[in-house]
Amino acid sequence: MSNRNFVLGKFWHPDRAMDAIKELFEAGVDIYDVYSPFPLHGLEPYLNIKRTRLTVAAFIYGAFGLALALTMMNLIFGVVWPMNVGGKPNMPIPAEIPISFETTVLFAAHGMIITFFIVGRYWPGKKAILFDDRQTDDIFVVALEESKLSNPAEVKEVLRKHGAYDVTEKEA
């Protein structure tokens, strides 16, 4: 993977960062990412973040876990090793509900985590892209990919106009 150049605007205050982001978005500038120490509400539309499909994956993994739990219990207690205890039925559905629920939750949770890491390309040993050591500590960093900017000088001026204390370029 080749390195890319980024224009970074560093802000102390979240409102100033949001003002710069709004103006850049209205000017048609594609914002690569925004790093902040806490969530900035209302930021998603400016970053073109789409609704996640992780909930669909969770449902599929949970349904698979439920089907597996019911199949295993019914095979074991009804076919392979049926036991008649006090005249009770071999496959009591109410007794299978807690185990089925827990297996559904287990499969959904683990499936979502594994899917998140695969889709996000978070491999073991992957080196994180850090534009600034304090990007999630106490400053707000607006990152813009330089190859997608039509006029980098104008973008830097917009960042400075809205209170960026440092506007730099970095290769990552």
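All figures in this text were calculated on a predicted structure; none of them were measured in a lab.
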- prompt: Taking all atoms of both residues into account, what is the closest heavy-atom pair of F11 and A164, and its distance?
  reply: CE2-N, 3.4 Å

statement: Between A58 and A108, the two heavy atoms sitting closest are O-CB, 3.6 Å

Above 12 or not: heavy atoms from other molecules or residues under 6.0 Å from [atom1] of [X]?
| X | atom1 | result |
| --- | --- | --- |
| M72 | CE | no |
| W81 | CH2 | no |
| D133 | CG | no |
| K126 | NZ | yes |

Heavy-atom side-chain proximity of [X] to [Y] below 4.5 angstrom:
| X | Y | answer |
| --- | --- | --- |
| F59 | F64 | no |
| V34 | I31 | yes |
| M73 | S100 | yes |
| K148 | V29 | no |
| K10 | T168 | yes |
| V7 | L149 | yes |
| L70 | E96 | yes |
| M18 | H162 | no |

- prompt: Salt bridge check: are R4 and E171 linked by an N-O gap of less than 4.0 Å?
  reply: no

task: Determine, for E23 against K161, whether the closest basic-nitrogen to carboxylate-oxygen distance falls under 4.0 angstrom.
output: yes

- request: Assert yes or no for the condition that the ring centre distance of Y46 to F25 is strictly below 6.0 Å.
  value: yes

query: Does the separation of the ring centres of F6 and F131 fall below 6.0 angstrom?
result: yes

Determine, using the 4.5 Å side-chain heavy-atom cutoff (strictly less than), whether [X] and [Y] are members of one ILVMFWY cluster.
| X | Y | value |
| --- | --- | --- |
| I49 | L54 | no |
| V167 | L144 | yes |
| I139 | Y32 | yes |
| F107 | I99 | yes |
| Y122 | I114 | no |

Full working for side chain to side chain contact (heavy atoms under 4.5 Å, CB included) between L24 and V158: CA-CA 8 Å; L24 291 170; V158 169; 3.8 Å; yes

- prompt: Who are the side chain to side chain donor-acceptor pair (under 3.5 Å) partners of R134, not counting sequence neighbours?
  reply: Y165

- prompt: With a 3.5 Å cut-off and no angle check, do the side chains of T104 and Y61 form a donor-acceptor pair?
  reply: no

What's the separation between atom [atom1] in [X] and atom [atom2] in [Y], rounded to the nearest 0.5 Å?
| X | Y | atom1 | atom2 | value |
| --- | --- | --- | --- | --- |
| R16 | I21 | CZ | CD1 | 14.0 Å |
| Y35 | L40 | OH | CG | 13.5 Å |
| L8 | D33 | CG | CG | 11.0 Å |
| D166 | R160 | CG | CZ | 8.5 Å |
| E157 | N151 | CD | CG | 10.5 Å |
| F117 | I113 | CZ | CD1 | 7.0 Å |

field: Donor-acceptor pair, side chain of K170 and main chain of D132, under 3.5 angstrom
entry: no

